[in-house]
Trainee: 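Mind looking over this structure? Questions follow.
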Amino acid sequence: MTTNTNLQGDTGNAIEQFNQQDKEIFQWTKQWYPVAVVNFLDPSRPHAIQLLGKDLVLWRDSFSKWSCFEDSCPHRLVPLSEGRVESDGTLLCAYHAWRFDSQGNCVSIPQSKDRQTSSQHCSNSKSCAVTYPTQERQGLLWVWAESGSQAQLESQLRTPRIIPELEDISDKVVHLFWNIRDLPHGWDFFMENVADPAHVPVSHHGLVGNRYQDANYYDMLCIKQMSTQEGFSFKITPTAPTIEQAVHDFQPPCHMRIVSTSVDGGKLILALYASPTRPGWCRHIGCQVLVKNEAGKMPKGLGIFGLPMPTWLGHVLSSLFLHQDMVFLHYQQTTLAKYHNRRWLDTVYTPNPQDKMVITFRQWLEKKAGGSIPWASGCNPNLSLEELEKQKLFDVWTTHTQHCQVCQDALKNIKRLYVSAYGLAVIFLCLAVIVDARAIAVKAALAVVKQMSTPLLTVFPPTGFWWALGGAALFAVVGYLFQKLSRLFYVYEFEHSHND
């Protein structure tokens with residue numbers, strides 16, 4: 001009974017403290033952040049991630065439970081992400097083979113004198129890994145940005161920024177693939193960008209809209225006033241003739257929900273997440289959700305990304321969209337950083353109503369959230385000043401493919417296809433040569449027998465030669481196209497000057 005009473009008292013104190021903090025200023029570390037798409041992770045190995053400047057590691061135990069630790073072994077502080085997930089479901093540090101269970105407890109120190117000594121060392125709290133609360137919701141792995149027993153209690157009091165429509169199991173709701181990408185610009189510039197629909201037909205000319213025809217005037221009306229915990233939302237007016245309402249809803253710390261409701265009742269929902277990883281970088285996770293109208297009609301998705309396609313293809317094609325404003329956001333960030341202490345509003349010129357939501361976002365950050373992200377101790381905030389070469393901004397391998405098991409598997413298959421295609425091209429070419437040589441030999445022999453005077457060079461190749469040569473050319477082209485497709489897993493360069 002005493003234990004239950006103490007637990008209830010601890011929980012009550014946590015709720016009271018949590019609510020009191022909620023009334024003051026936005027608490028960046030007392031939040032859930034989506035850090036990975038579960039189906040894209042390789043469960044056989046640990047994965048290094050970053051959140052708010054902290055180095056963390058994700059791994060899955062034998063019960064299929066994902067855990068998040070500080071990426072530092074308590075023994076000698078080497079990264080646990082360089083370790084192994086063992087067959088017994090423990091995380092092994094590959095430096096001295098210390099093992100940890102999903103709760104962070106050290107369960108084996110093999111260099112100990114004997115089992116009793118090992119047990120004593122393992123029971124010492126100093127041997128434990130630092131753990132962070134985790135949960136899986138809607139296919140995403142969420143991490144609470146604080147560790148410790150208090151964090152375990154507080155994390156249970158807040159729900160992640162999920163997509164309500166995905167909680168309703170219905171054939172009216174169609175969930176398209178998740179996409180994930182590490183972006184070379186900060187969380188604030190991502191949110192500013194997706195709070196700015198005016199840039200879409202210009203930056204994404206050819207994919208979503210036309211820069212010459214669709215850059216039209218409209219107003220943005222606030223429909224949810226600024227709140228510390230609940231953010232704010234705006235709607236666009238007027239909308240396109242086929243759209244009844246278009247709403248942008250910012251839900252701190254990491255979610256922008258964009259809902260376009262068609263006049264026939266269907267809905268297109270863009271669920272866009274961005275978790276601040278380190279200064280100057282964020283991890284974007286997003287998807288489209290299509291909600292059919294009462295007649296069962298499916299609304300259109302966002303450009304080509306609303307078409308049925310395998311997940312890996314959606315991932316590589318997303319570079320066509322993301323890279324269209326990648327350069328803008330990175331250099332916007334480095335330029336603004338040079339102004340140091342100047343307020344954002346004193347630095348930019350925003351005369352049109354299309355900038356209302358961007359202005360409100362910057363005001364929320366300044367007035368409700370302390371003005372900037374409180375990075376972890378030891379994390380250098382000046383990293384956002386680092387200006388990358390333009391070509392490095394188009395890297396796809398390190399920002400996506402190396403973290404996505406789905407794309408790695410697809411890349412292996414595509415490589416097999418283009419190697420096979422080139423191999424078949426060589427075989428067919430050899431076959432063409434053999435067929436032609438045999439035809440020449442036969443006709444030469446006939447010429448000798450009949451004492452014909454026709455030069456061998458004028459002998460026309462047989463039909464089989466042309467079929468074989470055509471097959472060689474076809475497979476060579478197929479191999480080239482597959483090889484070119486494989487390049488999208490590594491890099492995709494884009495120039496607006498070439499996008500006519």
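Numbering starts at 1 and runs along the sequence shown. Computed from a prediction, not measured in an experiment: that's the story for all the values here. Note that these values count all heavy atoms, side chains included, but never hydrogens, waters or copies made by symmetry.
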Trainee: Would His204 and Gln324 count as having a side-chain donor-acceptor pair, cut-off 3.5 Å?
Mentor: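 Judged by distance alone, the side chains do pair up.
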Trainee: Determine, using ring centers only, whether Trp142 and Tyr273 are less than 6.0 Å apart.
Mentor: yes
Trainee: Calculate, to the nearest 0.5 Å, the distance between atoms CG and CD1 belonging to Leu176 and Ile269 respectively.
Mentor: 11.0 Å
Trainee: With a 3.5 Å distance limit and no angle check, can you tell me whether His330 reaches the backbone of Leu388 through a side-chain donor-acceptor pair?
Mentor: yes
Trainee: List the steps and the verdict of side-chain contact (heavy atoms from CB on, under 4.5 Å) for Tyr422 and Tyr480.
Mentor: CA-CA 8 Å; Tyr422 283 143; Tyr480 170 77; 3.7 Å; yes
Trainee: Under a 3.5 Å distance rule, please check whether His255 uses its side chain to pair with a backbone N or O of Leu272 as donor and acceptor.
Mentor: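 The answer is yes, because a donor-acceptor pair under 3.5 Å joins these two groups.
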Trainee: If I compare all heavy atoms of Pro353 with all of Asp219, which pair ends up nearest, and what's the gap?
Mentor: CB-OD1, 3.1 Å
Trainee: Could you measure the distance from the CG atom of Leu41 to the CZ atom of Arg60? Nearest 0.5 Å is fine.
Mentor: 9.5 Å
Trainee: About how many Å separate OH of Tyr132 and CD of Glu70, when rounded to the nearest 0.5 Å?
Mentor: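 Separation between the atoms: 5.0 Å.
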Trainee: Shortest non-hydrogen contact from Tyr33 to Ala145?
Mentor: CE1-CB, 3.8 Å
Trainee: When you measure from the side chain of His47 to the backbone of Asp42, do you find a donor-acceptor pair of N or O atoms at a distance under 3.5 Å?
Mentor: yes
Trainee: Assess the pair Phe250 and Trp364: is the distance between their ring centroids shorter than 6.0 Å?
Mentor: yes
Trainee: Short question: side chain of Tyr95, backbone of Pro79 - any donor-acceptor pair under 3.5 Å?
Mentor: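 Checking the backbone N and O of Pro79 against the side chain of Tyr95, no donor-acceptor pair under 3.5 Å is found.
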Trainee: Can you check whether Ile180's main-chain N or O pairs, donor with acceptor, with His400's side chain at less than 3.5 Å?
Mentor: yes
Trainee: Any donor and acceptor pair, going by atom type alone, linking the side chain of Trp187 with main-chain N or O of Pro253 inside 3.5 Å?
Mentor: yes
Trainee: Does Asn352 reach the main-chain N or O of Gln354 with its side chain, forming a donor-acceptor pair under 3.5 Å?
Mentor: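 Answer holds: no.
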Trainee: So does Ser67 get a backbone contact from the side chain of Thr134, meaning a donor-acceptor N/O pair under 3.5 Å?
Mentor: no
Trainee: List the steps and the verdict of side-chain contact (heavy atoms from CB on, under 4.5 Å) for Arg161 and Trp32.
Mentor: CA-CA 8 Å; Arg161 297 293 189 179; Trp32 286 107; over 6 Å; no
Trainee: Tell me the salt bridge (Lys or Arg N to Asp or Glu O under 4.0 Å) pairs involving residues 231-253, sequence neighbours left out?
Mentor: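 Every salt bridge (Lys or Arg N to Asp or Glu O under 4.0 Å) pair that includes a residue of residues 231-253, provided the two are not neighbours, is Lys224-Asp249.
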Trainee: Nearest 0.5 Å, please: how far is CD in Glu366 from CZ in Arg343?
Mentor: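 It comes to 4.5 Å.
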Trainee: Which label fits Phe40 and His315: parallel for a plane angle under 30°, tilted from 30 to 60°, or perpendicular past 60°?
Mentor: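 The arrangement is perpendicular - the two ring planes meet at more than 60°.
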Trainee: Out of curiosity, Lys367 NZ to Thr228 OG1, how far, rounded to the nearest 0.5 Å?
Mentor: 12.0 Å
Trainee: Are the charged groups of Glu146 and Lys54 less than 4.0 angstrom apart, N to O?
Mentor: no
Trainee: At what distance, to the nearest 0.5 angstrom, does CG of Leu345 lie from OG1 of Thr350?
Mentor: 6.5 Å
Trainee: Side chains of Leu322 and Asn179, heavy atoms from C-beta outward: is any pair under 4.5 Å?
Mentor: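 They are in contact (side-chain heavy atoms under 4.5 Å apart), so the answer is yes.
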Trainee: Just do the side-chain contact (heavy atoms from CB on, under 4.5 Å) check on Leu481 and Tyr418 with the steps written out, would you?
Mentor: CA-CA 8 Å; Leu481 293 176; Tyr418 75 69; over 6 Å; no
Trainee: Verify the neighbour count for atom NZ of Lys392: are there more than 12 heavy atoms of other residues, nucleotides or ligands below 6.0 Å?
Mentor: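 Atom NZ in Lys392 is not crowded, with 12 or fewer foreign heavy atoms closer than 6.0 Å.
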Trainee: Other residues, nucleotides and ligands only: do more than 12 of their heavy atoms fall within 6.0 Å of CD on Glu167?
Mentor: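 Enclosed: over 12 neighbouring heavy atoms sit under 6.0 Å from CD of Glu167.
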Trainee: Between Thr29 and Trp144, what is the shortest heavy-atom contact and its length?
Mentor: O-NE1, 4.1 Å
Trainee: Looking only at atom types and distance, does a side-chain atom of Ser81 sit under 3.5 Å from a main-chain N or O of Asp71, one as donor and one as acceptor?
Mentor: no
Trainee: Taking atom types as modelled, find out whether Ser319 and Arg181 have a side-chain donor-acceptor pair closer than 3.5 angstrom.
Mentor: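 Arg181 and Ser319 do have a side-chain donor-acceptor pair below 3.5 Å.
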Trainee: For the residue pair Arg362 and Phe189, would you count it as a cation-pi contact if the rule is NZ or CZ under 6.0 angstrom from the ring centre and within 45 degrees of the ring axis?
Mentor: yes
Trainee: Name the residue from Lys292, Lys267, Arg257, Lys172 that meets the salt bridge (Lys or Arg N to Asp or Glu O under 4.0 Å) definition with Glu165.
Mentor: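 Of the listed options, the one satisfying the test is Arg257.
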Trainee: Restricting to non-hydrogen atoms, name the atom on Ala36 and the atom on Ile285 that form the minimum distance, rounded to 0.1 Å.
Mentor: N-CD1, 3.7 Å
Trainee: Heavy atoms only: give me the nearest Ile414-Phe489 pair and the separation to one decimal.
Mentor: CD1-CE1, 3.5 Å
Trainee: Kindly state whether the ring of Phe361 and the ring of His248 have centres lying under 6.0 angstrom apart.
Mentor: no
Trainee: Go through the steps to decide whether Val194 and Leu270 satisfy the test side-chain contact (heavy atoms from CB on, under 4.5 Å), and finish with yes or no.
Mentor: CA-CA 10 Å; Val194 295; Leu270 298 180; over 6 Å; no
Trainee: What residues, two or more places apart in sequence or in another chain, satisfy side chain to side chain donor-acceptor pair (under 3.5 Å) together with Tyr490?
Mentor: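 With neighbours one apart ignored, the set is Lys415.
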Trainee: Indicate the atoms forming the closest heavy-atom contact of Met326 with Leu183, along with that distance.
Mentor: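 Here Met326 and Leu183 meet closest at CE-CD2, 4.0 Å.
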Trainee: Taking Thr335 for its side chain and Gln332 for its backbone only, find out whether a donor-acceptor pair lies under 3.5 Å.
Mentor: no
